Amino acid sequence: MNIDARIRRRRRGTETRRLVRDYEALSPVAHVEEPAGRGPVVERLLDHLDPVFDGTLPPNAYVHGPFGAGKSAVVTALLARMERVAAQSREAIYTTTRARSTRLPWFAYVDLRETASEFAFYHRVLDTLVEETVPEHGIGTDEIRDRLHETLNGSRTGAVIAVDHVDASAVADTDLDVVDLFAGLPSNVSWLAVGRDDPAETALAGYTAREIAIDRYRRRVLIDVLTTRASSGLAPQAFDHALARRIAEWADGNAHDALAALFGAVTRAERDGRDHLVADDVDGAIADAPRSTVSLGTVFSLSANKRRVLRSLVDLDEAERRSVTTTTEAIAADPDVDLSSGTIKRYLYELAEVGVVERVAASPRSGKGRAPSRVELRFFPEVFRTLYDLHE
DNA sequence: GATCCACGGGAATACACGGATG
DNA sequence: CATCCGTGTATTCCCGTGGATC
């Protein structure tokens with residue numbers, strides 16, 4: 001770039017120097033249409049689903065792998081495509097005379113993190129299968145389940161239902177039992193459970209006919225993921241390959257953490273008014289990373305009021321986080337939070353219970369009574385703050 | 001009128017500490 | 001010395017109520 005071009009760029013102002021073109025493309029929560037570097041995994045899932053092309057259902061299966069291995073990314077992307085194709089096949093059946101076209105089953109995806117009750121589960125499944133909207137009130141759980149059975153029993157093809165985060169004790173700290181939920185599904189449903197637990201450890205052990213393991217990302221692939229996302233979300237040349245390598249080394253195969261670190265680095269660079277990332281941005285983001293992380297997807301699937309409480313929490317200073325009680329008071333004082341302090345306190349304990357925050361022993365004890373604890377975040381605060389403010 | 005579920009609120013329980021008791 | 005007790009907090013548990021929706 002010559003000097004004239006540089007001057008022109010400066011004269012045009014921030015518009016052209018804008019670092020971020022699209023936050024969504026950088027978000028660790030957003031799942032892209034075409035997950036980078038996971039071709040082989042897609043192939044294995046297609047091998048599993050292959051019977052549907054002959055008009056039969058695959059056996060029930062369990063997809064498992066560590067945090068950040070891209071399980072959700074691949075499964076959501078693949079099922080969305082399959083359902084698109086299946087929808088076409090269902091329509092084509094009436095318009096084509098070709099005998100060879102096979103009718104495909106329905107494909108549905110349910111995230112258990114957003115499913116806090118039996119009702120919510122069957123409602124979600126039914127809602128994705130039928131055109132008309134299914135009422136959320138004024139109708140009981142049994143009624144919903146009956147309608148689901150009616151819908152599917154009347155169909156020749158049945159359905160493949162992916163159920164993600166089956167071991168997410170995280171959000172659903174209800175006593176939801178996956179085995180029971182699956183047992184309530186009609187018989188012509190093939191489920192595809194997705195989770196982190198080892199197949200032998202999970203409650204589903206003994207119910208699955210097939211297990212599909214997904215390994216953590218190799219470093220080179222993870223670098224690919226980062227540069228791909230950066231190229232669609234950031235200004236050209238804003239993100240150096242060496243920085244991608246640095247992040248990938250640190251993230252150790254966890255794409256969620258890698259993307260969160262990139263995102264954190266970006267918010268730093270923006271704050272300092274740079275149009276590209278520097279090593280300090282990356283190092284700072286890494287230094288600020290919480291010890292063990294819970295997925296931001298988990299955080300965003302919490303109820304609106306809990307998210308609101310967390311939004312307030314990430315802005316508190318150290319003194320206000322001294323104890324659960326002071327934290328509660330500080331949040332209750334936030335005009336944006338419209339909850340009683342009793343509820344806020346209960347929320348904090350519940351959030352700690354599911355691992356979104358962690359209670360740690362507060363340092364100085366003030367003599368009387370049981371020692372208080374304070375809460376520490378277990379997710380990336382800047383990323384949460386930015387995405388939250390973007391959406392709500 | 002039916003239903004789900006988020007809130008609120010408070011009771012029950014756990015824990016820490018120091019002092020009293022056996 | 002071990003144990004119990006009282007007081008003050010922290011934490012967990014539970015359930016009724018009411019808003020929202022059909």
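None of these values were measured; they are calculated from a predicted model. Values reported hereafter were calculated over all heavy atoms of this structure, with side chains retained and with hydrogens, waters and symmetry mates removed. In what follows, every chain begins at residue 1, and chains take the letters A, B, ... in the order their sequences are listed.
Note on A:Thr343: a side-chain N or O is less than 4.0 Å away from OP1 or OP2 of B:dG8.
Straight-line distance from the CD atom of A:Glu114 to the P atom of B:dA6: 13 Å, rounded to whole Å. Summarising the geometry, the separation between CZ on A:Arg308 and P on B:dA6 is reported as 19 Å, rounded to the nearest angstrom.
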Identify each atom pair where a protein N or O and an N or O of nucleotides 8-15 of chain C are less than 3.5 Å apart, giving names and distance.
{"unit_1": "C:dG8", "atom_1": "N2", "unit_2": "A:Arg370", "atom_2": "N", "d": "3.0"}
{"unit_1": "C:dT11", "atom_1": "OP1", "unit_2": "A:Arg359", "atom_2": "NH1", "d": "2.6"}
{"unit_1": "C:dT11", "atom_1": "OP1", "unit_2": "A:Ser373", "atom_2": "OG", "d": "2.5"}
{"unit_1": "C:dT11", "atom_1": "OP2", "unit_2": "A:Tyr349", "atom_2": "OH", "d": "2.2"}
{"unit_1": "C:dT11", "atom_1": "O5'", "unit_2": "A:Tyr349", "atom_2": "OH", "d": "3.0"}
{"unit_1": "C:dT12", "atom_1": "OP1", "unit_2": "A:Arg359", "atom_2": "NH2", "d": "3.4"}

Please list, for nucleotides 3-5 of chain B, all pairs of protein and nucleotide N/O atoms separated by less than 3.5 Å.
{"unit_1": "B:dT3", "atom_1": "O3'", "unit_2": "A:Ile139", "atom_2": "O", "d": "3.1"}
{"unit_1": "B:dT3", "atom_1": "O2", "unit_2": "A:Gly138", "atom_2": "N", "d": "3.3"}
{"unit_1": "B:dC4", "atom_1": "OP1", "unit_2": "A:Thr141", "atom_2": "N", "d": "2.9"}
{"unit_1": "B:dC4", "atom_1": "OP1", "unit_2": "A:Thr141", "atom_2": "OG1", "d": "3.1"}
{"unit_1": "B:dC5", "atom_1": "OP1", "unit_2": "A:Ser117", "atom_2": "OG", "d": "2.8"}
{"unit_1": "B:dC5", "atom_1": "OP2", "unit_2": "A:Ser117", "atom_2": "OG", "d": "3.1"}

With a 3.5 Å cut-off and sequence neighbours excluded, list the donor-acceptor pairs that the side chains of residues 382-389 of chain A form with protein atoms.
{"unit_1": "A:Arg385", "atom_1": "NE", "unit_2": "A:Asp315", "atom_2": "OD1", "d": "3.0"}
{"unit_1": "A:Arg385", "atom_1": "NH2", "unit_2": "A:Val314", "atom_2": "O", "d": "3.1"}
{"unit_1": "A:Arg385", "atom_1": "NH2", "unit_2": "A:Asp315", "atom_2": "OD1", "d": "3.2"}
{"unit_1": "A:Thr386", "atom_1": "OG1", "unit_2": "A:Glu382", "atom_2": "O", "d": "2.8"}
{"unit_1": "A:Asp389", "atom_1": "OD1", "unit_2": "A:Arg311", "atom_2": "NE", "d": "2.8"}
{"unit_1": "A:Asp389", "atom_1": "OD1", "unit_2": "A:Arg311", "atom_2": "NH2", "d": "3.4"}
{"unit_1": "A:Asp389", "atom_1": "OD2", "unit_2": "A:Arg311", "atom_2": "NH2", "d": "2.9"}

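A:His256 and A:Phe67 have their aromatic ring centers within a separation under 6.0 angstrom.
Side-chain atoms of A:Glu24 and A:His391 include a donor-acceptor pair closer than 3.5 Å.
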Next item on the list: For A:Arg145 and A:Glu118, run salt bridge (charged side-chain N to carboxylate O under 4.0 Å, His left out): C-alpha distance rounded to whole Å, both residues' side-chain angles, the deciding distance at 0.1 Å, then the answer.
Entry: CA-CA 9 Å; A:Arg145 195 170 21 215; A:Glu118 226 186 336; 3.0 Å; yes
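Its side chain within the 4.5 Å cluster rule, A:Ile212 clusters with A:Val41, A:Val42, A:Leu45, A:Leu46, A:Leu49, A:Val52, A:Phe53, A:Leu57, A:Val63, A:Val74, A:Val75, A:Leu78, A:Leu79, A:Met82, A:Val85, A:Leu104, A:Phe107, A:Tyr109, A:Val160, A:Leu192, A:Val194, A:Ile214 among the Ile, Leu, Val, Met, Phe, Trp and Tyr residues. With a 4.5 Å cut-off between side-chain heavy atoms of Ile, Leu, Val, Met, Phe, Trp and Tyr, the cluster of A:Val360 takes in none.
A:Asp22 pairs by the salt bridge (Lys or Arg N to Asp or Glu O under 4.0 Å) definition with nothing, not counting sequence neighbours.
For the pair A:Arg268 and A:Phe263, the NZ or CZ position fails the cation-pi test of under 6.0 Å to the six-membered ring centre and within 45 degrees of the ring normal.
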